[in-house]
Amino acid sequence: MSWLENIGRSVGQLHAGAWIVGLSVAVAVMLIGILRLCRKSPCGYSETELRFRNVFAIMSEDQRRSLIDHYTKKHGCNREAAMRHALDDRDREARSWR
């Protein structure tokens, strides 16, 4: 067997290994994408609610609930949208002080 045949066989094995690695990476990326679409926090909160809780952490639970009720009535929207409106208003106010 010549050295050229050995190189040819090594390249063929490399291609097979590359296919396996490529396929594994593609499957992993797809699974990560699917999990991100279905993502909820471990305690069942949406990303919006987690951000809302973090931004307004200094408030008591009753105050946060009252703030959500205010935005729900003001914009005629659901709870999730009310939290987004509250976060947007807070971000707008924070930018106005720069």
Side-chain angles (χ1 to χ4, degrees):
M1 188 181 300
S2 72
W3 63 273
L4 193 55
E5 290 173 335
N6 284 336
I7 291 174
R9 187 175 315 134
S10 296
V11 169
Q13 290 172 350
L14 178 67
H15 287 305
W19 271 98
I20 291 171
V21 169
L23 185 59
S24 299
V25 168
V27 168
V29 167
M30 287 178 14
L31 286 175
I32 289 170
I34 290 170
L35 290 175
R36 291 193 91 203
L37 287 174
C38 302
R39 184 176 167 207
K40 285 261 187 183
S41 70
C43 50
Y45 297 127
S46 67
E47 288 185 33
T48 303
E49 186 162 359
L50 283 175
R51 182 166 176 249
F52 180 84
R53 287 178 169 277
N54 287 335
V55 168
F56 297 105
I58 198 163
M59 294 179 159
S60 70
E61 186 64 30
D62 288 338
Q63 289 172 321
R64 283 194 297 264
R65 198 173 299 127
S66 176
L67 185 62
I68 292 170
D69 289 343
H70 166 75
Y71 278 97
T72 301
K73 291 173 186 168
K74 178 179 178 182
H75 294 283
C77 57
N78 64 14
R79 186 174 187 275
E80 189 82 11
M83 287 187 280
R84 281 194 298 272
H85 285 297
L87 289 167
D88 291 344
D89 282 356
R90 189 246 172 223
D91 291 343
R92 199 173 305 111
E93 288 175 12
R95 282 191 306 268
S96 70
W97 287 98
R98 289 184 188 172

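Index from 1, following the sequence. Since the structure is predicted, the reported quantities are computational estimates derived from the model, not experimental observations. Side-chain atoms are counted along with the backbone in the values below, which use heavy atoms only and exclude waters and symmetry mates.
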Those residues at least two apart in sequence (or on a different chain) that pass salt bridge (charged side-chain N to carboxylate O under 4.0 Å, His left out) with R53 are E49, E61

So the ring-ring contact (aromatic ring centres under 6.0 Å, His included) pairs with at least one residue in residues 47-68 (sequence neighbours excluded) are F52-F56

What pairs of donor and acceptor atoms, side-chain ones from residues 65-72 against any protein atom, are under 3.5 angstrom apart with sequence neighbours left out?
unit_1: R65; atom_1: NH1; unit_2: D62; atom_2: OD1; d: 3.0
unit_1: Y71; atom_1: OH; unit_2: D89; atom_2: OD2; d: 2.8
unit_1: T72; atom_1: OG1; unit_2: I68; atom_2: O; d: 2.7

Could you tell me whether a side-chain N or O of R90 sits under 3.5 Å from a main-chain N or O of V55, the two making a donor and an acceptor?
no

Check residues 80-88 and write down every donor-acceptor pair under 3.5 Å in which the side-chain atom is one partner and the other belongs to a residue at least two apart or another chain.
unit_1: E80; atom_1: OE1; unit_2: S46; atom_2: OG; d: 3.2
unit_1: E80; atom_1: OE2; unit_2: S46; atom_2: OG; d: 2.8
unit_1: E80; atom_1: OE2; unit_2: T48; atom_2: OG1; d: 3.1

